[in-house]
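Got a structure for you, questions after.
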There are 2 protein chains.
Amino acid sequence: MNPELAQTVKDSKAPAISRAAAVLRLLGKSDAPLGLGAIARELGLVPSTCLYVLRALVAEELVSFDADTKRYALASGVLTLARGWLRRDHFASMAQAPLDRLARAFDVTMLGVEIFGIDHIIAVAVSQAGGGFQLSTQVGSRFPALISATGRCIAAFGGYPDKQLEAKFDTLRWDDPPTFAEWQRQVARTRETGFGIDEGNYIAGVTVLAAPVRKARGAPSHALVAIGLTSALRRTGLEAVQQALCDEARLLTGQLGGEEV
Amino acid sequence: MNPELAQTVKDSKAPAISRAAAVLRLLGKSDAPLGLGAIARELGLVPSTCLYVLRALVAEELVSFDADTKRYALASGVLTLARGWLRRDHFASMAQAPLDRLARAFDVTMLGVEIFGIDHIIAVAVSQAGGGFQLSTQVGSRFPALISATGRCIAAFGGYPDKQLEAKFDTLRWDDPPTFAEWQRQVARTRETGFGIDEGNYIAGVTVLAAPVRKARGAPSHALVAIGLTSALRRTGLEAVQQALCDEARLLTGQLGGEEV
DNA sequence: TTTGTTCATTCAATATATAGAATATCATTC
DNA sequence: GAATGATATTCTATATATTGAATGAACAAA
C-alpha cells in the first residue's frame, strides 16, 4: 500500500474511511474516469477491497459509475457537501459581495482565501473580472501558504520564526523567484503598509495584491486577493486598488469580530 | 440506527463509509458545529463508533474539530473535492461563459443544472445578476427534478410514463401549484417550443425559463436556467431571453456531442 | 471459433473494526 | 466544595470487513 496511506489506515480505527478519502482525492485529481484496477494499483489497495470502497461511495452518490466502461469518477454529491460548507462559512458568504464589487470596479480577478497555518491556503470565494483576460481560479483551489502576495501577509503577520519561514520558502516555485533576503524586505514592508504585493514573481506579467483578514486577534485567518495583469493594473492605478482592498479587508475583519488593529 | 442508514450500512461491505457519508451530510445540513453526542443521536450511531468515524474524517481534513468546544464541522477539504469534480465536468466549465453572458445581458440569475433522472437536479454552475435583486442560489443546490421550468423540460423530453410523472408530481411543493392537467398542457407546449417556462408557480412573482442540453442523444443531461422577477423580465422582453437561452443550449449540446435535434 | 490476456468480481478464512459497558472529563447546581 | 448530570473517551469480546486466491467476463489476436 501507499506508504502514507498505509500509515493513516493503520493508525485509524476506521481505515475504510481513509481509503475512501484517498479514492475520492485520486478521482478528484484525475483528468479522466478511472477503472477499478487503475485505482487499486495507484493507491496500493487490493482490488477486492477497493471494489467495496467504490461501491459504497457510489451508493452514497459521491462517486459515479459508468456501467458500460466500468469507470469511476467523482459524482456531484461532493458539490452538495461543498455547498453545506460554504453556507456556514461566514467569511465566504460575507466576502462575496465585496469581491464582486472590487472585481467589477477594477476589472481584476478577486479571491477570498482561507489560511491554513504556514502550510497552504484555499480559495473559498471567487469573483471573475468581467471583460478582458480571464485569470481563472476556481473555488477550492489550493496554494502553498507563502507564495505570492498572500505569502507576504502570512509571513508578516503570522508570527513564524525565520528558520521555519526559510525552510518553507525554499520549497516554493515561482516564475521569477526572489531571494530570501529580498523577500524578507518585502515582508517587512508588508508589515508596515498592511498589505502584500507580488509584481511578477509568482506569475510573470501578473501583479497580485493581498490584504489580511482576521477572525480573531492574532494571525490572519483569511485574506482578500486581487489578481490582474501588471500592465492593466498600472493603467488603472495600483494605489486605488490597494486602498479599496485594504478598506474591504478591514471592514470584514470588523464584521468577523477580529480586532481592527 | 436510522432505518435508512441502517439499511445502507447492512447492505454495504464498507459500512464505515456509509456512516462517514451520513456524518458529512449531517454536518453539511447543520447550521452550527455539532458535538459527538448530537451527531450520534441524530444518526442513531453508538457514540464510540461515531467518534472513530469523526476522527478519521478529521484526519482526512474533511471535518474540522474545535478542541475547546469539542464540536465538529465540515472542513474545507470538501471544497477541494468539489473543485476536482468541477474541473472535469465539461458542462460546468463550458457553460460558465454563456451563463455569465446571459446573466449580464438580461440582468437575470443564470444556473447550469445537471439532471439526475426523474429524481433531482443539481446546480453545477451559477452566474448572478449584477445589479438589482439577488435571487441567489449556490453551486451544489439540489432541487426536485420536476419542479419549475426545468421540470417541464424533463417531463417533456425525459420519456417517462405519465403514471410515474404524476406520482412524482404529487410530491412537489410550489408557491402556487398548477393542477396535473394544467401542468401536462405546459409540458406539451414545452415539447413544441423546446424550452420550459414557469411563471410564478414555483416562486410567486418569479419567472423561470429552462432549455435542455444533451450530452448524448436522448433524454437531456443538463439544462440552462434563467431566473428573474416576472415584472422585470416582462420589461426586458421575455422573447429575447427565450431566444438567447435556447440558442446557447443548442450550442452547448453541439459542443458536448449531443445530437442537435 | 479458439486461445490468451486483462480486468472485474466472488468467495471463504482471519485479522480487526465495532458495540456497549466502564471510565474519565467537564460543566452546573446545590 | 461536593454532588449531579451530561458528555466525551477508553476498553475488550465478538461480529464482520478485509484479504488474496479462485472464478468469471470481456475483449483482442490467431
I need the CG-C1' distance between B:L51 and C:dT25, as an integer number of Å.
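To the nearest whole Å, that distance equals 14 Å.
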Heavy-atom pair with the smallest gap, counting every atom of B:P212 and B:A249
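That closest heavy-atom pairing would be O-CB, 3.6 Å.
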On the ring face of A:F65, is A:R55 found with NZ or CZ under 6.0 Å from the centre and within 45° of the axis?
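No, A:R55 does not lie over the aromatic ring of A:F65.
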By nearest nucleotide on DNA chain D, pick out whichever of A:C50 and A:D68 is the more 5' one.
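Its nearest nucleotide being more 5', the pick is A:C50.
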Over all strands shown, is B:V46 touching base, sugar-phosphate only, or nothing at heavy-atom distances under 4.0 angstrom?
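It contacts base atoms.
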What integer distance in Å separates A:L54:CG from D:dT18:P?
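In whole Å, D:dT18 P and A:L54 CG are 12 Å from each other.
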Please pick, from D:dT18, D:dT10, C:dT9, the nucleotide with the shortest atom-to-atom distance to any side-chain atom of A:F65.
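Of the candidates, C:dT9 comes closest.
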If you check the A:A16 side chain, which of C:dT10, D:dT18, D:dT7 turns out closest?
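Nearest to the side-chain atoms of A:A16, counting from C-beta on, is D:dT18.
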What's B:R71 touching, base or sugar-phosphate or nothing? Going by heavy atoms closer than 4.0 Å.
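The residue B:R71 makes no contact with any strand.
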Which of residues 31-38 of chain A have a heavy atom under 4.0 Å from DNA chain C?
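Listed by number, they are A:G35, A:L36, A:G37.
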Verdict with supporting geometry, A:S141 and B:R83, side-chain hydrogen bond (donor to acceptor under 3.5 Å, both in side chains):
CA-CA 7 Å; A:S141 299; B:R83 172 164 180 272; 2.9 Å; yes
What is the distance from CZ of A:R19 to C1' of D:dT18, rounded to the nearest Å?
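So the two atoms are 7 Å apart, to the nearest Å.
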Which nucleotide, D:dT18, D:dC11, C:dT18, lies nearest any side-chain atom of A:A14?
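Of all the options, the side chain of A:A14 is nearest to C:dT18.
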B:D66 CG - D:dA8 P separation (whole Å)
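Rounded to whole Å, this separation is 13 Å.
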First locate atom CG of A:L79, then atom CD of A:E61, and finally report the distance between them rounded to the nearest 0.5 Å.
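Spacing of CG (A:L79) from CD (A:E61) equals 12.5 Å.
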May I ask you to check if A:R19 and A:Y52 form a cation-pi contact, with NZ or CZ under 6.0 angstrom from the six-membered ring centre and within 45° of the axis?
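Pair A:R19/A:Y52 does not count as cation-pi.
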Taking the side chain of A:Y52 as heavy atoms from C-beta outward, which of D:dT9, C:dT18, C:dC11 is closest to it?
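For the A:Y52 side chain, the nearest candidate turns out to be C:dC11.
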Rounded to the Å, how far apart are B:L45 CG and D:dA8 P?
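In whole Å, D:dA8 P lies 14 Å from B:L45 CG.
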Please evaluate the base of C:dC7 for a donor-acceptor partner in the side chain of A:Y72 within a cut-off of under 3.5 Å?
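No such pair is found, so the answer is no.
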Counting only side-chain N and O atoms of B:R41, is one of them less than 4.0 Å from OP1 or OP2 of D:dA8?
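Result: no.
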Using whole Å, what does the distance between atom C1' of nucleotide C:dA17 and atom CD1 of B:I17 come to?
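For the pair B:I17 CD1 and C:dA17 C1', the rounded distance is 13 Å.
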Distance only, no hydrogens: is a donor on one side chain within 3.5 Å (strictly under) of an acceptor on the other, for A:S18 and B:E60?
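There is such a pair (donor and acceptor under 3.5 Å, judged by atom type) between the side chains of A:S18 and B:E60.
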The side chain of A:K70 is closest to which nucleotide in this list: D:dT10, C:dT10, C:dA8?
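The nucleotide sitting nearest to the side chain is C:dA8.
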Separation of A:I39 atom CD1 from C:dT9 atom C1', in whole Å?
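The answer, rounded to whole Å, is 15 Å.
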Parallel, tilted or perpendicular for B:F91 and B:H222, by the 30°/60° rule?
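B:F91 vs B:H222 ring planes: parallel.
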